[in-house]
Chemist: 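Would you mind keeping the following structure in view while I ask a few things?
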Amino acid sequence: MSHVVVIRPYKAGDEYTCCDLAKEGVMSSLNSTMIGNVCRELTFQLMILFAALMFIFLSVPFTLCALVIPAVVLLIMTCTYIAFTVKCSAVQQEIRNASRIYMSNAFSCFWVAEVYEPYTMTRKPADFHYTIMPEKEFKARNIDVSSQRKKIVGCIGLLKSHRLDKGAWLKRLFVQESYQRKGIASALLQAAIDFANEQGYSCVNLVASEYNEGGKTLCLKKKFELFHMYHKQILGSVMSISMYELSYRIKPDGEDYMTNYSKKRSYVSN
């Protein structure tokens with residue numbers, strides 16, 4: 001067996017590769033978010049407003065007022081890039097502290113997907129089939145990987161929620177782009193769900209942005225349900241993106257709580 005992916009708990013030293021995965025994962029939706037923000041109706045309204053102000057109050061020639069268009073586009077793209085950079089830094093800092101945040105108690109955990117494959121590969125990972133298994137099965141089968149290289153290609157974390165009664169949050173699900181569509185993300189999700197079930201959680205929630213359609217689709221296939229949608233501000237009320245909160249209900253009492261929680265949110269919003 002020459003191409004194996006092992007799902008195992010995080011250990012010291014994994015943070016370096018996981019930080020690289022986080023950077024790739026966070027920044028992967030940067031371009032689509034930029035395009036989405038630039039194409040919003042509010043962006044065009046800002047262009048018209050600034051051009052009108054320059055033309056009417058500053059008597060700037062109309063041809064020069066047209067320069068407002070690239071200026072606003074540049075402003076939107078710059079603000080989006082800064083927001084992503086800040087988020088990337090925060091996520092990487094969290095992963096660097098994974099031992100304390102995720103591995104210091106019995107109710108949270110962080111997993112990595114570690115691939116074993118030949119040192120010399122003449123083709124891309126997309127051309128190969130990878131057998132995915134948990135670490136316990138990998139050790140039981142005593143697979144010889146002494147002549148193979150190993151590297152971390154995915155990760156995910158689960159944290160006890162202070163907002164959801166008997167609930168947990170799934171966070172930091174990243175898979176290296178060249179190893180996507182291999183079932184690795186699905187296996188990481190399943191490992192976290194199984195852990196949550198063992199720990200007695202009633203539900204597991206996660207948040208995905210409108211530009212992370214792949215992640216949202218995967219979760220819906222894993223029987224997550226769309227629980228809540230809201231707008232996350234990037235630049236005050238001027239720029240925001242839609243966020244989707246998805247929920248996986250493990251036990252019936254989780255369903256009762258989610259219903260009560262929805263009522264509370266509705267009451268607060270009103």
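Given the structure is predicted, the values throughout are model-derived calculations rather than measurements.
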Chemist: So, do Met243 and Glu210 sit near enough that their side-chain heavy atoms are less than 4.5 Å apart?
Modeler: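 Met243 vs Glu210: side chains apart.
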
Chemist: Between Ser247 and Asn205, do the side chains contain an N or O donor and an N or O acceptor separated by less than 3.5 Å?
Modeler: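 The answer is yes; a qualifying pair exists.
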
Chemist: Are Ile241 and Thr33 close enough, and set up right, to give a side chain to side chain contact (heavy atoms under 4.5 Å, CB included), and what steps lead you there?
Modeler: CA-CA 8 Å; Ile241 59 175; Thr33 306; 4.0 Å; yes

Chemist: Distance from Glu245 atom CD to Glu225 atom CD, nearest 0.5 Å?
Modeler: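 Interatomic distance, Glu245 CD to Glu225 CD, rounded to 0.5 Å: 12.5 Å.
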
Chemist: Give the intermediate values and the outcome of salt bridge (charged side-chain N to carboxylate O under 4.0 Å, His left out) for residues Glu114 and Lys151.
Modeler: CA-CA 5 Å; Glu114 191 168 50; Lys151 66 176 180 177; over 6 Å; no

Chemist: A side-chain contact here means heavy atoms from C-beta on lying under 4.5 Å apart; do Asn97 and Tyr102 qualify?
Modeler: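 Asn97 vs Tyr102: side chains apart.
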
Chemist: Are Ile250 and Tyr248 close enough that some pair of their side-chain heavy atoms sits under 4.5 Å apart?
Modeler: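 They are in side-chain contact.
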
Chemist: Would you say the side chain of Asn212 lies within less than 4.5 Å of the side chain of Ser29, judging by non-hydrogen atoms?
Modeler: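 Not touching, per the 4.5 Å side-chain cut-off.
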
Chemist: To the closest 0.5 Å, what do you measure between OG (Ser59) and CG (Leu64)?
Modeler: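 Output value for this atom pair is 12.0 Å.
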
Chemist: In terms of hydrophobic clustering (I, L, V, M, F, W, Y; side-chain heavy atoms under 4.5 Å; direct or indirect links), are Ile82 and Val72 co-clustered?
Modeler: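 The answer is no; the residues belong to distinct hydrophobic clusters.
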
Chemist: Count the heavy atoms of every other residue, nucleotide or ligand shown that sit under 6.0 Å from NZ of Lys136, and state whether that count exceeds 12.
Modeler: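 12 or below, so no.
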
Chemist: If you apply the rule side chain to side chain contact (heavy atoms under 4.5 Å, CB included), what do you find for Leu188 with Ile7, and how did you get there?
Modeler: CA-CA 7 Å; Leu188 286 167; Ile7 308 298; 3.9 Å; yes

Chemist: SG/Cys203 to CZ/Phe224 distance, rounded to the nearest 0.5 angstrom?
Modeler: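 Here the interatomic distance stands at 10.0 Å.
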
Chemist: Which heavy-atom pair separates Ile184 from Ala113 by the least distance, and what is that distance?
Modeler: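 Shortest heavy-atom separation between Ile184 and Ala113 comes out as CG2-CB, 3.6 Å.
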
Chemist: Assigning hydrophobic clusters by single linkage (Ile, Leu, Val, Met, Phe, Trp, Tyr; side-chain heavy-atom cutoff under 4.5 Å), is Val153 placed with Phe128?
Modeler: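 Yes; tracing contacts between hydrophobic side chains, which count when under 4.5 Å, links both residues.
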
Chemist: Flag yes if Val73 and Ile35 sit in one hydrophobic cluster, no otherwise; membership is Ile, Leu, Val, Met, Phe, Trp, Tyr, and two members link when side-chain heavy atoms are under 4.5 Å apart.
Modeler: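 Unlinked, Val73 and Ile35 end up in two clusters.
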
Chemist: If every non-hydrogen atom of Glu24 is compared with every non-hydrogen atom of Val175, which pair is closest and at what distance?
Modeler: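 So the two residues come closest at OE2-O, 4.2 Å.
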
Chemist: Taking the side chain as C-beta and beyond, is there a heavy-atom pair between Tyr81 and Ile76 under 4.5 Å?
Modeler: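 Answer no - side chains too far apart.
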
Chemist: For Ala196 and Leu158, which heavy atoms make the closest approach, and how far apart are they?
Modeler: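 Of all heavy-atom pairs spanning Ala196 and Leu158, the closest is CB-CD1, 3.9 Å.
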
Chemist: Any ring-ring contact (aromatic ring centres under 6.0 Å, His included) pairs touching residues 149-187, not counting sequence neighbours?
Modeler: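 Pairs touching residues 149-187 that pass the test: Tyr130-Tyr179.
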
Chemist: Kindly check if the number of other-residue, nucleotide or ligand heavy atoms within 6.0 Å of CZ (Arg149) is above 12?
Modeler: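 Result for CZ/Arg149: enclosed.
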
Chemist: How close do Leu206 and Cys219 get, heavy atom to heavy atom, and via which atoms?
Modeler: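 So the minimum-distance heavy-atom pair works out to CD2-SG, 3.4 Å.
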
Chemist: Starting at CD1 of Ile152, measure out to CG of Asp20 and round the result to the nearest 0.5 Å.
Modeler: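 Those atoms lie 10.0 Å apart.
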
Chemist: Answer yes if Ile156 and Phe107 sit in the same cluster of Ile, Leu, Val, Met, Phe, Trp and Tyr residues linked by side chain heavy atoms under 4.5 Å apart, and no otherwise.
Modeler: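 Same hydrophobic cluster.
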
Chemist: What do you reckon, are the aromatic ring centroids of Phe138 and Tyr116 less than 6.0 Å apart?
Modeler: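 Between Phe138 and Tyr116, the centre distance is under 6.0 Å.
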
Chemist: Linking I/L/V/M/F/W/Y whenever any side-chain heavy atoms sit under 4.5 Å apart, do Leu226 and Leu189 land together?
Modeler: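 Yes, same cluster.
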
Chemist: Which heavy atom in Tyr10 sits nearest to a heavy atom in Ala98, and how many Å separate them?
Modeler: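 Heavy atoms of Tyr10 and Ala98 come nearest at CZ-CB, 3.8 Å.
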
Chemist: Would you indicate whether the side-chain heavy atoms of Glu117 and Lys150 approach each other to under 4.5 Å?
Modeler: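 Sidechains of Glu117 and Lys150: no contact.
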
Chemist: Before giving the answer on side chain to side chain contact (heavy atoms under 4.5 Å, CB included), spell out for Asn197 and Ile193 the whole-Å C-alpha distance, their side-chain angles and the decisive distance to 0.1 Å.
Modeler: CA-CA 6 Å; Asn197 193 15; Ile193 291 172; 5.6 Å; no

Chemist: Assign the ring pair Trp111 / Phe195 to parallel, tilted or perpendicular, where the plane angle (0 to 90°) is split at 30° and 60°.
Modeler: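 Trp111 and Phe195: perpendicular rings.
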
Chemist: Return the NZ to NZ distance between Lys160 and Lys166, rounded to the nearest 0.5 Å.
Modeler: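 Here the rounded value is 11.0 Å.
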
Chemist: Once you round to the nearest 0.5 Å, how far does NZ of Lys221 lie from NZ of Lys216?
Modeler: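 The NZ atom of Lys216 is 13.5 Å from NZ of Lys221, to the nearest 0.5 Å.
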
Chemist: Please report the shortest heavy-atom distance between Ala187 and Ile132, naming the atom on each side.
Modeler: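 Looks like CB-CG2, 3.6 Å.
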
Chemist: My understanding is that a hydrophobic cluster links ILVMFWY residues whose side chain heavy atoms are under 4.5 Å apart, including indirect links. Using that, what else belongs to the cluster containing Tyr119?
Modeler: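 Taking Ile, Leu, Val, Met, Phe, Trp and Tyr as members, Tyr119 stands alone, with no cluster partners.
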
Chemist: Is there a donor-acceptor contact under 3.5 Å from the side chain of Lys182 to the main chain of Ala126?
Modeler: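 It does hold such a pair.
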
Chemist: Which residues end up grouped with Tyr16 if you chain together Ile, Leu, Val, Met, Phe, Trp and Tyr wherever their side-chain heavy atoms are less than 4.5 Å apart?
Modeler: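 Its cluster partners, ordered by chain and number, are none at all.
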
Chemist: Hey, is the main chain of Lys11 close enough, under 3.5 Å, to the side chain of Asp14 for a donor-acceptor pair?
Modeler: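 Answer holds: yes.
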
Chemist: When you measure from the side chain of Lys223 to the backbone N and O of Arg249, does any donor-acceptor pair fall under 3.5 Å?
Modeler: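 No: the side chain of Lys223 does not pair with the backbone of Arg249.
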
Chemist: Quick one: do Arg172 and Glu15 make a salt bridge, cutoff under 4.0 Å?
Modeler: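 No.
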
Chemist: If you define the side chain from C-beta out and look only at heavy atoms, does anything of Glu177 sit under 4.5 Å from Leu21?
Modeler: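 Sidechains of Leu21 and Glu177: no contact.
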
Chemist: Is any side-chain heavy atom of Cys155 closer than 4.5 Å to one of Phe110?
Modeler: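 With C-beta onward as the side chain, the pair touches.
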
Chemist: Verify the distance criterion only: is there a donor paired with an acceptor across the side chains of Gln190 and Lys222 at less than 3.5 Å?
Modeler: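 Their side chains do contain a donor-acceptor pair, which is all the 3.5 Å distance test asks for.
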
